[in-house]
Amino acid sequence: MSIESSSAAGTTPADSGHRAGNPLSAQSVAASPQASASPPFADPAALGLGAFALTTFVLSVVNAGLIAKGDEPVVLGLALFYGGLAQFGAGIWEFANRNVFGATAFCSYGAFWLSFWFLAQFSAAGLPPADAGKGVGLYLLAWAIFTAYMTIAAWRVSMGVFAVFVALTLTFIALFIGAFAASATMTMLGGWLGIVTALIAWYCSLAVVANFTFKRVLLPVGPR
């Protein structure tokens, strides 16, 4: 996928050899002579962003204290099937479409949700109570580091995706501090930041679908 096709943000007809409105496309046409040809798959960005947004939203509502902490298991099915498997699949399709950024992001965060499901189902109960917060904090810190360096690349993609990664980085930072310090306030802040992240990601997902469907820039994502 090329920067040029991303910049079109949905104005190019589906049969013209370019995809419309993928906000995660950050490839140079000079890198591949096949860049002008139609990719083998339809744009998976809407699925990947939508899966990430919905799962993040549900967990963040719990973290923000808007519903009881005991309701957190409601997110596990989403973490496994939608945020996990569906988003990971979107990343594989992005690899096939030669989008390194989209593939890395979707596969990584799909794997994050799968690992979250495994942690909640099988590992969390076995953590020593005195050190459980530090273990979870380390897990979240590692994801904060990954998200921070992906944010650097996201600046070259689109303003919409850059905003998602900035908000997500802040979310992970607040959550890992909350876990390390056993601070309910920081965890709640991370929940609210996660809700903001989910809303921005939902907007980007909607932009992919709407711009492709209407064959014009109905919802801009600020292509770089």
Side-chain angles (χ1 to χ4, degrees), residues 45-90 105-106 108-144 146-148 150-151 160-161 163-209 219:
L47 171 62
L49 286 163
F52 169 80
L54 192 151
T55 313
T56 300
F57 177 81
V58 173
L59 179 59
S60 296
V61 166
V62 177
N63 286 336
L66 297 179
I67 64 173
K69 184 70 173 177
D71 293 329
E72 185 174 314
V74 74
V75 78
L76 295 181
L78 290 171
L80 176 59
F81 292 106
Y82 196 37
L85 294 178
Q87 188 177 184
F88 192 88
F106 289 147
S108 294
Y109 292 111
F112 163 77
W113 284 115
L114 290 170
S115 70
F116 174 84
W117 170 82
F118 189 90
L119 174 64
Q121 287 287 79
F122 302 106
S123 302
L127 296 174
D131 296 321
K134 294 178 182 178
V136 173
L138 176 62
Y139 171 81
L140 294 169
L141 173 60
W143 281 105
F146 170 76
T147 304
M150 288 293 287
T151 302
V161 170
V164 170
F165 275 82
V166 169
L168 184 58
T169 300
L170 295 174
T171 299
F172 276 125
I173 290 173
L175 290 176
F176 96 73
I177 293 174
F180 268 119
S183 171
T185 300
M186 289 303 297
T187 298
M188 186 175 295
L189 174 61
W192 283 107
L193 288 168
I195 291 172
V196 172
T197 303
L199 293 175
I200 300 171
W202 257 328
Y203 173 85
C204 292
S205 176
L206 173 59
V208 177
V209 176
L219 297 172

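Everything numeric in this text was worked out from a predicted model, so none of it was measured. Side chains included, hydrogens not; waters and symmetry mates left out as well; all remaining heavy atoms used.
Minimum heavy-atom separation, T187 to A179: OG1-N, 4.4 Å. Residues F180 and L138 approach most closely at CZ-N, 3.6 Å, considering heavy atoms. A pairwise comparison of heavy atoms in I200 and A167 identifies CD1-CB, 4.4 Å as the closest pair. Between F176 and G137 the shortest heavy-atom distance is CB-O, 3.5 Å. The shortest non-hydrogen separation linking Q87 to A51 is CB-CB, 4.1 Å. Annotation for A53 and A201: closest pair CB-CB, 3.7 Å, computed over non-hydrogen atoms.
Within 6.0 Å of CZ in F88 there are 12 or fewer heavy atoms belonging to other residues, nucleotides or ligands. Counting heavy atoms of neighbouring residues, nucleotides and ligands inside a 6.0 Å radius, atom CH2 of W192 does not exceed 12 of them.
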| Please walk me through it: do L199 and Y203 pass side-chain contact (heavy atoms from CB on, under 4.5 Å)? | CA-CA 6 Å; L199 293 175; Y203 173 85; over 6 Å; no
| message | Determine whether L80 and F118 satisfy the following criterion, side-chain contact (heavy atoms from CB on, under 4.5 Å), listing intermediate values before the conclusion. | response | CA-CA 9 Å; L80 176 59; F118 189 90; over 6 Å; no
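For the atom pair L127 CG and K134 NZ, the distance stands at 13.0 Å (nearest 0.5 Å). The structure places CD of E72 at 6.5 Å from CG of N63, a figure rounded to the nearest 0.5 Å. Taking CG of L140 as the start and OG1 of T171 as the end, the distance is 11.0 Å to the nearest 0.5 Å. For the atom pair T169 OG1 and W143 CH2, the distance stands at 12.5 Å (nearest 0.5 Å). Annotation: the span from F116 atom CZ to Q121 atom CD amounts to 10.0 Å, rounded to 0.5 Å. To the nearest 0.5 Å, the span separating CG on L189 from CG on L170 amounts to 8.5 Å.
Using a 4.5 Å heavy-atom threshold, the side chains of F52 and W113 count as touching. Side-chain contact check for Y82 versus V75: every heavy-atom pair is 4.5 Å or farther apart. Residues W117 and L85 are not in side-chain contact: their nearest non-hydrogen atoms beyond the backbone lie 4.5 Å or more apart.
Classification of the F172-Y109 ring pair by plane angle, with boundaries at 30° and 60°, yields parallel. Y139 and F112 have parallel rings, their planes meeting at less than 30° on a 0 to 90° scale where 60° marks the start of perpendicular.
Judged by distance alone, the side chain of T197 and the main-chain N or O of L193 form a donor-acceptor pair under 3.5 Å.
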